Amino acid sequence: MGTLIGVIIVLFVLGSMMALKPNGIDQRLDKLRMTARRLQLNPKLVACPDWIKGRDNEYGRGMMGQYCLVLENMQLPHTRYQVIDGQWRPDSSFVDTTKDDIKLNIPSAIRSTQSSPDTAVKKTNFSLDKVPLDLPVSIEPFVKGLLTKANSIIIYWEDIAYVRPSTNPKYQQKAIESDLLVLKTNLEKWALQMQKTTAK
């Protein structure tokens, strides 16, 4: 009788330990984000911004991976881009296209110009308009948006879809670093392209 009770206790403890162990997708996602952190891509899980199509193709719905690359000694314009047909397109809700000199449509910036007429709202930078994503096939379908401000360039993408077998059946752990390096290289390239256009 004592042996049976001992076996039941051991099975109960083992079952509890197995329940606490992360599932395969969580382990893959953790590996992806740890590699991104090591490459200075600063990954974060955030609520889907209201200008990006999230879960069920609805704006601002669900959670999304936010990977931010901070670029020292670089000043980027405040812009937002969405992915349309594999290309970057400016977020139309972010700009006022009714005037000839296209300006940012940021409520805080508009308030500051009203209180201080000397403060100008910067002209929008369209230098990435129609630029192809040119990312690895395992990442590109899940990319949703791009935001630049100050010295940061931020990409929003469904990183969980990258590690989920149903959405990325060709997932390979050994490809994580090379895929993220291509992503980082492109972020640097896009930031440089924006800075050159702004400097003109």
Side-chain angles (χ1 to χ4, degrees), residues 29-52 63-83 86-91 93-95 101-113 116 118-136 138-140 142-163 173-200:
L29 190 57
D30 185 53
K31 172 73 175 167
L32 174 68
R33 290 179 180 162
M34 292 298 288
T35 305
R37 193 166 288 115
R38 185 166 47 79
L39 296 173
Q40 300 176 331
L41 286 170
N42 305 308
K44 253 198 271 189
L45 182 66
V46 298
C48 180
D50 59 6
W51 53 277
I52 292 177
M63 303 296 284
M64 189 148 303
Q66 172 189 286
Y67 288 45
C68 172
L69 181 62
V70 177
L71 299 159
E72 301 298 332
N73 305 317
M74 194 174 275
Q75 191 64 34
L76 297 170
H78 194 176
T79 59
R80 295 193 315 210
Y81 287 88
Q82 295 176 336
V83 179
Q87 299 176 327
W88 289 124
R89 299 306 312 268
D91 176 20
S93 65
F94 192 58
V95 295
D101 54 339
I102 310 248
K103 304 219 181 255
L104 293 178
N105 186 18
I106 311 169
S108 59
I110 291 167
R111 280 196 298 275
S112 68
T113 56
S116 171
D118 298 333
T119 309
V121 181
K122 289 182 183 177
K123 189 173 178 183
T124 305
N125 184 310
F126 288 110
S127 57
L128 293 186
D129 190 22
K130 297 187 179 175
V131 168
L133 267 63
D134 197 24
L135 291 169
S138 52
I139 290 180
E140 189 168 315
F142 312 120
V143 174
K144 301 294 183 177
L146 186 77
L147 170 70
T148 62
K149 58 181 180 179
N151 64 344
S152 302
I153 183 164
I154 302 160
I155 196 161
Y156 293 93
W157 69 301
E158 295 173 327
D159 58 352
I160 194 165
Y162 176 89
V163 299
Q173 184 172 314
K174 62 185 179 184
I176 290 175
E177 187 163 350
S178 60
D179 285 349
L180 289 176
L181 281 170
V182 172
L183 175 62
K184 183 177 181 179
T185 301
N186 275 8
L187 288 173
E188 290 168 341
K189 179 179 74 176
W190 295 328
L192 192 60
Q193 187 172 338
M194 277 197 209
Q195 191 180 45
K196 281 180 180 175
T197 308
T198 306
K200 286 180 183 177

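Since we're looking at a predicted model, the values are computed, not measured. Hydrogens, waters and symmetry mates play no part in the numbers below; they use all other heavy atoms, side chains included.
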Please identify which of these residues, Lys31, Lys144, Arg33, meets the salt bridge (Lys or Arg N to Asp or Glu O under 4.0 Å) condition with Asp159. Arg33
Reported [atom1]-to-[atom2] distance for the pair [X] and [Y], which is rounded to 0.5 angstrom:
| X | Y | atom1 | atom2 | value |
| --- | --- | --- | --- | --- |
| Cys68 | Ile155 | SG | CD1 | 11.5 Å |
| Leu187 | Leu41 | CG | CG | 6.5 Å |
| Thr79 | Ile153 | OG1 | CD1 | 7.5 Å |

I would like to know whether Val143 and Tyr156 meet side-chain contact (heavy atoms from CB on, under 4.5 Å); could you show each step before the answer? CA-CA 6 Å; Val143 174; Tyr156 293 93; over 6 Å; no
Closest approach of [X] and [Y], non-hydrogen atoms and distance?
| X | Y | answer |
| --- | --- | --- |
| Pro90 | Phe126 | CG-CD2, 3.0 Å |
| Gly145 | Ile52 | CA-CD1, 4.0 Å |
| Ser138 | Tyr162 | O-CD1, 3.1 Å |
| Val182 | Pro136 | CG1-CD, 3.5 Å |
| Leu71 | Ala191 | CD1-CB, 3.4 Å |

Would you list the pairs meeting side chain to side chain donor-acceptor pair (under 3.5 Å) in which at least one residue belongs to residues 36-48, sequence neighbours left out? Arg38-Glu177
With a 3.5 Å distance limit and no angle check, can you tell me whether Gln193 reaches the backbone of Leu128 through a side-chain donor-acceptor pair? no
Here's a test for you: under side-chain contact (heavy atoms from CB on, under 4.5 Å), which of Asp134, Thr148, Val131 qualifies with Trp190?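 It is Val131, the one option of Asp134, Thr148, Val131 that forms the side-chain contact (heavy atoms from CB on, under 4.5 Å) with Trp190.
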Pair Arg89, Val83 - check side-chain contact (heavy atoms from CB on, under 4.5 Å), show working. CA-CA 6 Å; Arg89 299 306 312 268; Val83 179; over 6 Å; no
Side chains of [X] and [Y]: closer than 4.5 Å at any heavy-atom pair?
| X | Y | result |
| --- | --- | --- |
| Lys130 | Trp88 | no |
| Gln173 | Leu32 | no |
| Leu147 | His78 | yes |
| Pro77 | Met194 | yes |
| Lys149 | Leu76 | no |

Atom CE of Met63 with >12 non-hydrogen neighbours under 6.0 angstrom: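 Yes - once you tally the heavy atoms of other residues, nucleotides and ligands closer than 6.0 Å, there are more than 12.
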Could you go through Leu183 and Asn186, starting from their C-alpha distance and side-chain angles, then the distance that decides it, and tell me whether this counts as side-chain contact (heavy atoms from CB on, under 4.5 Å)? CA-CA 5 Å; Leu183 175 62; Asn186 275 8; 5.6 Å; no
I'd like to know whether Asp91 forms a side-chain contact (heavy atoms from CB on, under 4.5 Å) with Tyr81, so could you lay out the CA-CA distance, the side-chain angles of the two residues, the decisive distance to 0.1 Å, and finally the verdict. CA-CA 5 Å; Asp91 176 20; Tyr81 287 88; over 6 Å; no
Can you list every pair that meets salt bridge (Lys or Arg N to Asp or Glu O under 4.0 Å) and has a residue in residues 179-192, with sequence neighbours left out?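 Checked against salt bridge (Lys or Arg N to Asp or Glu O under 4.0 Å) - neighbours excluded - no pair reaches residues 179-192.
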